[in-house]
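Remarks on the structure that follows.
Both counts, for ligands and for their atoms, begin at 1 and track the order of listing. Note that the structure is a prediction, hence the values are computed from the model and not measured.
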Amino acid sequence: MDLFEHQGKELFARYGLPVPSGEVALSPSEAVAAATRLGLPVVVKAQVHTGGRGKAGGVKLAGDLDAVRGHASDILSLDISGHIVRRLWIEQASDIAEEYYASFTLDRSARKHLGMLSVEGGVEIETVAARDPEAIARIHIDPVDGLSRQACRQWVQAARIPEAVAEAVAGVLETLYRAYVDADADLVEVNPLIVTSADEVVLLDSKITLDGNSTFRHDDYASYDATQTRDEREQAAHAKGLQYVGLDGSVGVIANGAGLAMSTVDVVNQVGGRPANFLDIGGGANAEVMSNALEVINNDPAVRSILINIFGGITRGEEIANGIIEATGRVEIDSPIVIRLDGTNAAEGRELLEPHLSDALRMEPTMLDAARRAVELAGAGPGQDLP
Ligand code: GDP
Ligand code: MN
């Protein structure tokens, strides 16, 4: 789960980390009111779950209230890599002398945490890594031993952080690591970590990804979850407890198991179609779950055909077939359905489906055949770029 920048900064502030004061604003007049309380100049910042806001025009400096109002109305409803801005963070402007980069993430192959620090901040770390890998000082942190102040000092030295701010940066890193561990984060990235002209170290941006598996031990996760941006389809699917991700094609996809669902999305692409979504109905594909899945997909106006790809494991073929039959009885479906049913008791399942087959409900023997059929039925149209 991704946090907004301001949620990350509020988390940092609870650890005493230096962040600029700011306020959330949802409209230009709220932005003006916030700027009045904070004092000018301020920076008006788009709050979206994606980076590159600066380049996209989502970060603007305002020296007076007219500029605050103007920037706020420009940035609200701006589309940044497909994320529509609905929320702003109004923040006291900082006087930037240097921009550094700092992050903690999990290095699964090393079974350790990985810290990265660079004096070349403010640009994407991938760019720095490609241009000058030596400019990034990395350390692996054993989760049991943790990260000492002494280790931070050596790390800061390896990154060639200037003497004048070395101790302050080491202190920030030590505390930032504690915040990262306490929050059960998969990623905490501060880019830029700045030095002001008065040699103060300030965390000017935040990107935090929390591990959803640790929700049960964090009361604040529910409030973060409430602010997740989902499109209408994703909201409906989430409310029904489905693992759904909206995509922009015309072939609705239902599969059991995340791996199979992803493969199905790939195969639809491979045969020249465009998937409308990723949807994993999990292990127990009963009628209830299948109806919910079909309903969510059926409500997507871009969908022209539906591909149900099931490989029975613990769940047997006849249960799945009954689920599909019952679900198509419950929900009126506008698009033709193509089923691929394999795995445990597939023969029994197919036999049950046989009498229900029609132009609206078809069955194909393999995943590839089913994908081809579904793509053909979706036809060419918007969201459908045939090669
Ligand atoms: P991102 O583009 O989504 O990573 O957004 P950032 O929060 O990192 O902001 C992008 C850039 O805007 C930063 O690297 C800074 O150069 C600039 N910026 C952000 N806040 C301020 C500020 O308070 N004062 C000044 N002068 N520049 C800022
Ligand atoms: Mn940034």
N, O or S atoms of the protein lying under 2.8 Å from the Mn ion (ligand 2): Asn191 O, Asp205 OD2

N/O donor-acceptor pair under 3.5 Å between Ser305 side chain and Ala374 backbone: yes

Option among Arg53, Lys207, Arg87 that satisfies the salt bridge (Lys or Arg N to Asp or Glu O under 4.0 Å) test with Glu5: Arg53

Contact check: Thr50 vs ligand 1, nitrogen or oxygen atoms, below 3.5 angstrom: no

Aromatic ring pairing Phe4/His6, orientation class (parallel under 30°, perpendicular over 60°, tilted between): parallel

Whether Asp205 side chain and Val190 backbone form a donor-acceptor pair below 3.5 Å: no

For atom 27 (N) of ligand 1, closest protein heavy-atom neighbour: Ile96 CD1, 3.3 Å

Arg274 and Asp248 ion-paired at < 4.0 Å: yes

Sub-3.5 Å N/O-N/O distance, Glu99 and ligand 1: yes

Flag side-chain contact, heavy atom, 4.5 Å: Leu368 against Val271: yes

Glu91 to ligand 1, any heavy atom closer than 4.0 Å: no

Geometric class of the Tyr221/His218 ring pair [parallel <30°, tilted 30-60°, perpendicular >60°]: parallel

Protein residue, atom and distance nearest to atom 9 (O) of ligand 1, heavy-atom basis: Val59 CG2, 3.9 Å

Atom 4 (O) of ligand 1: the protein heavy-atom neighbour that sits closest, reported with distance to 0.1 Å: Asp205 OD2, 3.1 Å

Nearest neighbour in protein (non-hydrogen) for atom 20 (N) of ligand 1: Leu204 CD2, 3.5 Å

Residues Lys60, Asp74: salt bridge by 4.0 Å N-O rule: no

Donor-acceptor pair between Ser109 and Asp107 side chains, under 3.5 angstrom: yes

Atom 1 (P) of ligand 1 [closest protein heavy-atom partner, distance rounded to 0.1 Å]: Arg53 N, 3.7 Å

N/O separation below 3.5 Å, Glu5 to ligand 1: no

Distance from atom 2 (O) of ligand 1 to nearest protein heavy atom, with residue and atom: Gly54 N, 2.8 Å

Nearest non-hydrogen protein atom, atom 22 (C) of ligand 1: Val43 CG2, 3.3 Å

Ligand 1-proximal atoms of Asp95, by part, heavy-atom distance under 4.0 Å: neither

Close N or O approach (Leu61, ligand 1; < 3.5 Å): no

Identified side chain to side chain contact (heavy atoms under 4.5 Å, CB included) counterpart of Ile337 within the set Asn298, Ile324, Ile297, Leu294: Leu294

Cationic N near anionic O, under 4.0 Å, Glu364 to Arg372: no

Closer than 4.0 Å: a protein non-hydrogen atom to atom 11 (C) of ligand 1: no

Glu348 and Arg316 ion-paired at < 4.0 Å: no

Closest protein heavy atom to atom 7 (O) of ligand 1, given as residue, atom name and distance to 0.1 Å: Lys45 NZ, 2.5 Å

Charged N-O contact under 4.0 Å between Glu167 and Arg149: yes

Side-chain donor-acceptor contact under 3.5 Å, Asp186 with Thr209: no

Short N or O distance, Ser94 and ligand 1, threshold 3.5 Å exclusive: yes

